[in-house]
Structure formats: C-alpha cells, structure tokens
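Written out below as structure tokens is the structure these notes cover.
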Amino acid sequence: MSENVIQVLVIDDDEDDFILLQKHLGEVVGQKFSLHWAPSYDKGKEALHRHKEEKRYDVCFVDYRLGIRTGIDLLKEVISEDINVPIILLTGYGQRDVDMEAMKVGAADYLVKDQISHFLLEKTIRYAIYRFKNQVQLKEREAQIFMQDRLASIGLLASSLAHEIGTPLGVIRGRAEYISNHSENDPVVLKSMNVIVAQIDRISKLIHSLLNLARGDQIKSVGELHLDRVISDVLDLMGHELKKNDIEIMNEVVEGLTLKTTGGSESLHQVLLNLVVNSLHAIQSAVKQGRAGSHFIHFYVERKKDFLVLCVEDSGTGISKQNLRNLFKPFFTTKDIGSGTGLGLATSYRIVESWGGSIAVESEENVGTVFKVLLPVSNLAK
Ligand SMILES: Nc1ncnc2c1ncn2[C@@H]1O[C@H](COP(=O)(O)OP(=O)(O)OP(=O)(O)O)[C@@H](O)[C@H]1O
Ligand SMILES: [Mg+2]
C-alpha cells in the first residue's frame, strides 16, 4: 500500500457505479485515491482473499445487490475469515433496513448511492479507516493484556506449585527410591516404584515448563549461538526417532551461522526441539490418516528485512485455520491427555520474543507446515 494514495476496492456489478465513485473521489482535494474494481460477488471475494495475504486495500465498498446474492452475504462470509479492511456497504434509495443488518454483521458504514457527494465519500472513508485502525490497535492491546495477565497468573501458580507440590513430590520420590533399594529385587515392587518415579518426574517437568513459560528467556548474559550446531544437537537427540518413522531430514543451514543472543543456546535448543517434536507428531498423525509415503522435515534459512528467518518445514497434517488462531496460546493442544500440554509453542514464542524476534507459521491442511523463527539480524555475529 502506498503511503499517501488511499487504495479503494469497489465490489459492484454495475460499472456505472464504479465510474461514479471514481468521478467523486477524483474531485477530492488534497487526497489521492486509487480505485480497483471487482465486478462480481466471486471476483470480490477473490480480491478480499488476496488482500488478506498481501494487504492491498485501505477500504472496500460493497454493493448491496450482487446478482442473486447480496453484499451482506459477502460481508458475513469474509468477516468470519479475519479479513482486515473496513467495508462500506452501498445501497439504493429506500433500503434503510439494510443499514441495521449491515451494522450487525460488521460493516464499517453504509451509504445510499444517490446521496453520495465527494464530501460525504471522503469523510466516510477517512472515518472508516481511522476507526478501523483504532479497533485493530485496541484488539491487539486487549490480546496483549489478556496474555500478560494469563502469564502472570501462570507464573504465580507455577511458583506456588513448585513449592507446595514440588517439596512433597521430592519426598515421595526419595521414599520410592529407598523402597526400590530395599525391595530385595522383587520385580513387582521394582516395576511399581519405577512407575511412581516416572510419574513424579512427569509432574515435575510440567511444573518446570509452567515456570519457564511465565519467565520467557531471562538469562541476560550475552553469548554466541551457533545455529548449525544447535540444529545438529537437536537432530542428534531426535535422530533415532525420526529415522524410526522414516522421516527424511534436509538441513540447508550453512555451517558457521552465528548469532549473538542474550540467552544461552539451551533456549534456542528448546525452541527447535519443540518444533521438531511437533513436526514428528504431525507426520505420525498424517501417516495414521492414510498419507503414508515420503515424509520430511526441512531446515533452511531466509532473510527478511531485519530478520534472519530460521524455517522448519514438515510434511505433516497441516493446521486448520481455526487452530492457527490459537496455536501460541498457553494450553492449546489437539493432542491426547498425557501426550501434549499445549505449552511448547507458547513457551517458544516467549523465548524468541524476549530476543526481539517472533515466530510465524504457514500451513496447509493435508500438505504440511512451516514454522518461521524470526531472529533480529542485529544479533548476527560479525
Ligand atoms: N508442525 C505442526 N503440524 C501440525 N500441527 C501442529 C504443528 N505444530 C503444532 N501443531 C498444533 O499446535 C498444537 C500446540 O502445539 P504446542 O507445541 O504448543 O503443544 P503440544 O505439542 O500439543 O504440547 P507440548 O506442550 O507437549 O508441546 C499442537 O497440539 C498441534 O495441534
Ligand atoms: Mg509441542
């Protein structure tokens, strides 16, 4: 989108309406508009979908009458898909009831075609864009506050759990080991005690993950991080399991790629391990769903503006649009109880965020997923 030209999408099956809007907007002094015409319901939907990926428009006009369907139908369809643009509905004279319906489904405004003047149009567009920006900022802020609150309560809960449950657990674990050592090698007792110790370790790990999530990466000693080494460490750890599942590993990260970070390499190690374990699970599920055949996990690096992007791509199940929205929320998991806590990605995000980076994700169901870890280039070791 250009800085000072306002990009306007017009979804209207009547070319005369489009020409009229163009004429009015051409008369506005001090502001340029560039108009794009989508002459049908389907073409409009296509344009809005492209906008979702490429952020092409600042505002969109939708005619109420679009063949056998209406602008309201289109609004209902696109608003549920998180398409970020203010939409102004255009109607003919005498359709005031449409006004209420438009508001209900989330239109930014409503204009009656034959009452349009260049003054009214310019003002409506300006207000719609302004209100929309404010709304987006407000939503982001709310989400941030919600997440911070949630993390703060998790932190509190985790530290009190660490103390209140951690201490008795330590005692139980010690006693279980004592009984094992004095069981005169009775296999039944030994087996039970091993189960007790393993379950206690699972609870301790969960408490530890909660503490980590609330903390992010707080180690502030600056260190050098060898990306290629972290990847090969993770592959050493997971190699056996990946091979067992017939997963091909492609690693294109060049040797010697080094970053300065404020944390130790354990943190990036943790992030990558989370991603690789998730990819492994997604591939296992894809195989179970009948997509056997060649599967892979692919590591590569891209450069995007001020970020070095470390990509982990897999050929697993992919992620639905609905789940994509919740991916980084603490405790979001689609795995069975006991196999996933839903803290992996939330913790990874917190760690990368504390370095000034972020994690993005692209996914297609039944094809696979790419997780992109954006690391600030200012951290690249010279
Ligand atoms: N590569 C992937 N392919 C498909 N789905 C994925 C992938 N990575 C994550 N997911 C989805 O995101 C959810 C959340 O992942 P996350 O790592 O946060 O938690 P988890 O793996 O369920 O549990 P854990 O806390 O053990 O990591 C997963 O349950 C899964 O549904
Ligand atoms: Mg996980």
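For ligands, and for the atoms within them, numbers begin at 1 and follow the listed sequence. The first residue of the sequence shown is numbered 1, and numbering continues consecutively from there. All values reported here derive from a predicted model rather than from experimental measurement. What's counted below: heavy atoms across the whole structure, side chains too, no hydrogens, waters or symmetry copies.
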Part of F371 within contact of ligand 1 (heavy atoms, under 4.0 Å): side chain
D314 neighbourhood, listing ligand 1 atoms whose heavy-atom distance to it stays under 4.0 Å: 1 (N), 2 (C)
Which segment of I319 sits under 4.0 Å of ligand 1 when only heavy atoms are counted: side chain
Proximity of T317 to ligand 1 by residue part, where a heavy atom lies under 4.0 Å: side chain
Per-residue contact class, V277 against ligand 1 - non-hydrogen pairs under 4.0 Å: neither
4.5 Å side-chain heavy-atom contact, N274 and L345: no
Residue of the set E77, R69, E46 for which side-chain hydrogen bond (donor to acceptor under 3.5 Å, both in side chains) holds with Y41: E77
N, O or S atom of N274 closer to the Mg ion (ligand 2) than 2.8 Å: no
Shortest protein heavy-atom distance from atom 30 (C) of ligand 1, along with the residue and atom involved: T334 OG1, 3.5 Å
Cation over ring face, K123 and Y127, 6.0 Å, 45°: yes
Shortest protein heavy-atom distance from atom 19 (O) of ligand 1, along with the residue and atom involved: G342 CA, 3.3 Å
Under 3.5 Å: donor-acceptor pair, side chain of R291, backbone of S315: yes
Side chain Q31, main chain N4, donor-acceptor under 3.5 Å: yes
Atom 25 (O) of ligand 1 [closest protein heavy-atom partner, distance rounded to 0.1 Å]: T341 OG1, 2.4 Å
Side-chain donor/acceptor of D12 to backbone N/O of D63, under 3.5 Å: no
Which residue and heavy atom of the protein sit nearest atom 22 (O) of ligand 1, plus the separation: T333 OG1, 2.6 Å
Nearest non-hydrogen protein atom, atom 18 (O) of ligand 1: L345 N, 2.8 Å
Contact check, side chains of V301 and V254, non-hydrogen atoms, under 4.5 Å: no
Side chain, backbone, both or neither: T369 near ligand 1, heavy atoms under 4.0 Å: side chain
Ligand 1 atoms in contact with L327 (distance to a heavy atom under 4.0 Å): 11 (C), 12 (O)
D13 (side chain) donor-acceptor with G67 (main chain) under 3.5 angstrom: yes
